[in-house]
Amino acid sequence: MKATLISALATVASAAVLWDGRFNDMTASSDLNKWSWGNQVGPYQYYIHGSGSVEKYVNLSPDYKNPADTVSKQGAKLTLDSTAFWNGQNMRRIELIPQTKAAINSGKVFYHFSMMRKDTNAPSKNREHQICFFESHFVEMKYGWISGEQGTENPNLQFMVSQNSKWKTEWKAGVWHNVAFEIDFSGQTVGFWHSEGGAALTQVVAPVRTSTSSNGADWHLGVLELPRSGYSDGVEDFYFSGVYVESGPITTAIGGPGQ
């Protein structure tokens, strides 16, 4: 009886995960090449990247995940280099889009991910990086000098709602930032949950009103870097793990429910 109850509870918990992007079912980043518009397989759409092979922009390893995350088997290192220009644009980009028919754009949902940088191939503090954003930019993270602001650099990682900063902290090397966007598509609000390392998520920005909008295939895991005159393109690495979308009460444990 007890085992049956535990199994039932586990089923309920796992059922809250609408889409799982934790890389657990991938053996290498080359698995992303299996996806195409005519063969929409796997957890991610892979089409926003430069002209090189996938290994130039995405690599997977247990070393690339938050070590406090025991659910994820591995994380991803996303890289911007001198070839990371997509579709003739002057912005460097490497982004993965959820491949799912689940209702990740309906009701109240939580978009989870953990992110980290290192001193090696550190993202530039002198350029704007739009990170884990929706196409309309109603919610996203940003790092570096934001276009139009004073000064020449900005060391802060910021939570943005419709281009307005609602939270910020210095993005130090080696520190894992755990994030959940609390999005109420019906109520038109966005909140922010955060922690560092292995600490449980807590709500640090209560829901604020904004125009939430998504077609369910326009959240970009990754980074878009805006060009800036006088600053050259250096190699930059961004690390992500624990990526998933859930409904219902938020899971505050790092890595989320088990599979």
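Values reported hereafter were calculated over all heavy atoms of this structure, with side chains retained and with hydrogens, waters and symmetry mates removed.
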Determine, for K118 against D237, whether the closest basic-nitrogen to carboxylate-oxygen distance falls under 4.0 angstrom.
no
Using only atom types and a distance under 3.5 Å, with no angle test, would you say the side chain of S214 pairs donor to acceptor with the backbone of N105?
no
Side-chain heavy-atom pair K125, Y143 within 4.5 angstrom cut-off
yes
Under a 3.5 Å distance rule, please check whether R228 uses its side chain to pair with a backbone N or O of N126 as donor and acceptor.
yes
Quick one: pull up OG in S29 and CD in E55 and give me the separation to the nearest 0.5 Å.
4.5 Å
Please check this pair: side chain of Q163 against backbone of M160, looking for a donor-acceptor N/O pair closer than 3.5 Å.
no
Check the orientation of F134 and F185. Use parallel for under 30°, tilted for 30 to 60°, and perpendicular for over 60°.
perpendicular
Starting from the C-alpha separation in whole Å, work towards a yes-or-no answer on side chain to side chain contact (heavy atoms under 4.5 Å, CB included) for V245 and F110.
CA-CA 6 Å; V245 179; F110 297 88; over 6 Å; no
From CA spacing to verdict: side chain to side chain contact (heavy atoms under 4.5 Å, CB included), F159, V205
CA-CA 9 Å; F159 168 67; V205 177; 4.2 Å; yes
Would H194 and W167 count as a ring pair (Phe, Tyr, Trp, His ring centres under 6.0 Å) here? Give the steps.
CA-CA 10 Å; H194 175 266; W167 172 93; 4.5 Å; yes
Answer yes or no: is there a donor N or O on one side and an acceptor on the other, between the side chain of W145 and the main chain of G151, under 3.5 Å?
yes
Can you classify the ring geometry of Y44 versus W19 as parallel (below 30°), tilted (30 to 60°) or perpendicular (above 60°)?
perpendicular
Between the side chain of D184 and the main-chain N/O of S186, is any donor-acceptor distance below 3.5 Å?
yes
So does K34 get a backbone contact from the side chain of N39, meaning a donor-acceptor N/O pair under 3.5 Å?
yes
Are the side chain of D69 and the backbone of V71 linked by a donor-acceptor contact shorter than 3.5 Å?
yes
I'd like to know if the side chain of Y244 reaches the main chain of P257, judged simply by a donor and an acceptor atom lying under 3.5 Å from each other, with no hydrogens or angles considered.
no
Look only at the side chain of Y57 and the backbone of G52, and say whether a donor-acceptor pair between them is shorter than 3.5 Å.
yes
Worked verdict on V235 versus T79 for side chain to side chain contact (heavy atoms under 4.5 Å, CB included)
CA-CA 7 Å; V235 177; T79 299; 3.9 Å; yes
Roughly how far apart are N24 CG and K73 NZ, rounded to 0.5 Å?
5.5 Å
Could you pull out the closest heavy-atom pair between W37 and Q40, with the gap in Å?
O-NE2, 3.1 Å
Check this for me: does any side-chain nitrogen of one of K65 and D63 sit under 4.0 Å from a carboxylate oxygen of the other?
no
Side-chain donor/acceptor of R117 to backbone N/O of W171, under 3.5 Å
yes
To the closest 0.5 Å, what do you measure between OG1 (T100) and CG (L18)?
8.0 Å
For the pair R92 and E236, find out whether any cationic side-chain nitrogen is under 4.0 Å from an anionic carboxylate oxygen.
yes
Show, in sequence, the C-alpha distance, side-chain angles and deciding distance for H112 and F181, and conclude whether the ring pair (Phe, Tyr, Trp, His ring centres under 6.0 Å) test is met.
CA-CA 7 Å; H112 289 261; F181 295 155; 9.9 Å; no
With a 4.5 Å cut-off on side-chain heavy atoms, are E182 and W193 touching?
yes
Can you list the steps and then say if F240 with M116 is a side chain to side chain contact (heavy atoms under 4.5 Å, CB included)?
CA-CA 7 Å; F240 296 96; M116 188 268 288; over 6 Å; no
Do T83 and S51 meet the criterion of a side-chain donor-acceptor pair at a distance under 3.5 Å?
no
Which of these passes ring-ring contact (aromatic ring centres under 6.0 Å, His included) with Y64: W176, F23, Y239?
Y239
Side-chain donor-acceptor contact under 3.5 Å, N178 with S114:
yes
Do the side chains of E128 and K142 get close enough for a salt bridge, i.e. N-O under 4.0 angstrom?
yes
Check P43 against M26 and note the closest heavy-atom contact, atom names and distance.
CG-SD, 4.3 Å
